Amino acid sequence: MPKYEHHFRRSQRAFERAQGVLVGGVNSPVRAFGAVGGQPIFIERGEGPYLYDVDGNRYIDLVCSWGAALLGHAHPAVVSSVTKAAADGLSFGACCSAEAELAEQIVGAFPSIDMVRLVNSGTEAAMSAIRLARAATGRTKIIKFAGCYHGHVDSLLVAAGSGAAPFGAPDSAGVPAEFARTTLLAPYNAPAAVEALIREHGKDVAGIIVEPIAGNMGYVEPVEGFLSGLRELCDKHGALLIFDEVMTGFRVAWGGCQTLWNIRPDITCLGKVIGGGMPLAAYGARRELMELVSPLGKMYQAGTLSGNPVAVAAGIATLKAVQMTPLSPPLQRGEAPPSPSDASALGAFAPRGRGVYWELQGRSKALADGLRAAAARNGIAVQAGACGGMWGFAFSKGPVRNFLDAKACDHARYAKYFHAMLERGVFLPPSGYEAMFISTAHNDEVIAEVLSAAEESFESVKP
Ligand SMILES: *Cc1c(COP(=O)(O)O)cnc(C)c1O
């Protein structure tokens, strides 16, 4: 592809250099473009909805740091808070008041959370959440769903293989089978399979961990009754329900999916948006559970950089900016409430941050609907959905409800489509197994630009 080389020469050189000293040239595998082919672009800077690479190409960013950049890149309020905090020292390893300020924001937004512990990554949050579930129940096994990602902690790196297999096999070399055996695997959106697992292992199950919208096998919404079914099963069998809202928290609604659909998990994992682009994550629960954590309780968990003042400043500034955006009345844009549940969805955007999430919902839905229609005009079947600032599409004739469906999508076509969009200045996730994101900086003009690139790109990948 000569055009490719011409436009990406500096990125290519940067990648060659990086490959000498960084494994595969990257610090997180998806960035290597292995799933879509070609060479990764190297980003020089971001501003609002745009990324600029080292060759001077501009892209509309639909990755948004995997959802973290809710306000877009280099938002002035966030940059100024971070700069101010940095000038006062980067890290103390001692208490600072801003930690409690961010924690109060989170506790105020999530009805199931009385207390939180701040950590540095979603991986740490999920790892600590399952430790807490085990500490609280004295049980060992965790049920997870095929295609759900909870970071790279050993016992949660179990996802591939037949969804029907009762025991998971490790997804990665270096994960002992003994660890993987503590993880029971069920297909997403299949409450009956979970019930069968619980019937067999009920007394050993410490918790069920789930992404309330799956965003790591494409964008997969929960079917009606799936999440509430998990809640009932946990109540009946004394297991704890863990919502991994690292991606959905403060992204689909103020208070996450649990507020949107009025389902209370026992433990919640947060990350991405709450750090506003800095390394910051959290886990939280009701008081009696969190009091099991050290120094109050017997479950040990710690971190040199946890509650880092600069990261916390970015999180506070981000959540403040969301709250300060004026409210817009529900349904103002004439949009249908987000699926899967109607009545409770109205409460989703109240009381704070409502305007932001309705704006985001309107625009991500416009993208999902627009892409589906543009694909159809070119004779291509596409499934698409959106919730708040999170959305996605997949090359599939039928609905995508679980990991098997996700694997059956046309990933070769996605790879071609990815490059067609990249050449037209739109940065999609470099893998068909990822959700997509927009920020508050993605205004109607930006959305229109994406849709026009999308139309041309469908033409270029049609059969
Ligand atoms: C991103 C993500 C994680 C992992 O977070 P890291 O900060 O990458 O460790 C965990 N769970 C979900 C649902 C995620 O989307």
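Small disclaimer: the values here were computed from a predicted structure and weren't measured. Ligands are counted one by one from 1 in listed order, and the atoms in each one are counted from 1 as well.
- A distance-only check finds no donor-acceptor pair linking the side chain of Asn189 to the backbone of Asn402 [under 3.5 Å].
- Proximity of Tyr149 to ligand 1 is established by a heavy-atom distance of less than 4.0 Å.
- In terms of polar-atom proximity, Glu211 is not counted as a contact of ligand 1, lacking any N or O under 3.5 Å from an N or O of the ligand.
- The shortest contact between atom 11 (N) of ligand 1 and any protein heavy atom is with Asp244 OD2, 2.6 Å.
- Counting atoms of ligand 1 from 1 in the listed order, those under 4.0 Å from a heavy atom of Met247 are 15 (O).
- A side-chain donor-acceptor contact under 3.5 Å links Glu221 and Tyr219.
- When only non-hydrogen protein atoms are considered, atom 5 (O) of ligand 1 lies nearest to Gly122 CA, 3.2 Å.
- Closer than 4.0 Å to atom 7 (O) of ligand 1 lies at least one heavy atom of the protein.
- Here Lys272 has side-chain heavy atoms under 4.0 Å from ligand 1, and that is the only part of it that gets that close.
- The aromatic rings of Phe418 and Tyr414 sit tilted relative to each other, their planes meeting at an angle between 30° and 60°.
- Between the Arg117 side chain and the Ser294 main chain, a donor and an acceptor come within less than 3.5 Å of each other.
- Only the backbone of His150 comes within contact range of ligand 1, with a heavy atom under 4.0 Å; no side-chain atom does.
- Tyr52 OH: more than 12 foreign heavy atoms inside a 6.0 Å radius.
- A distance-only check finds a donor-acceptor pair linking the side chain of His442 to the backbone of Asp61 [under 3.5 Å].
- By the 6.0 Å and 45° rule, Lys407 stacks over the aromatic ring of Phe403.
- The proximity of Val246 to ligand 1, defined as any non-hydrogen pair under 4.0 Å, is limited to the side chain.
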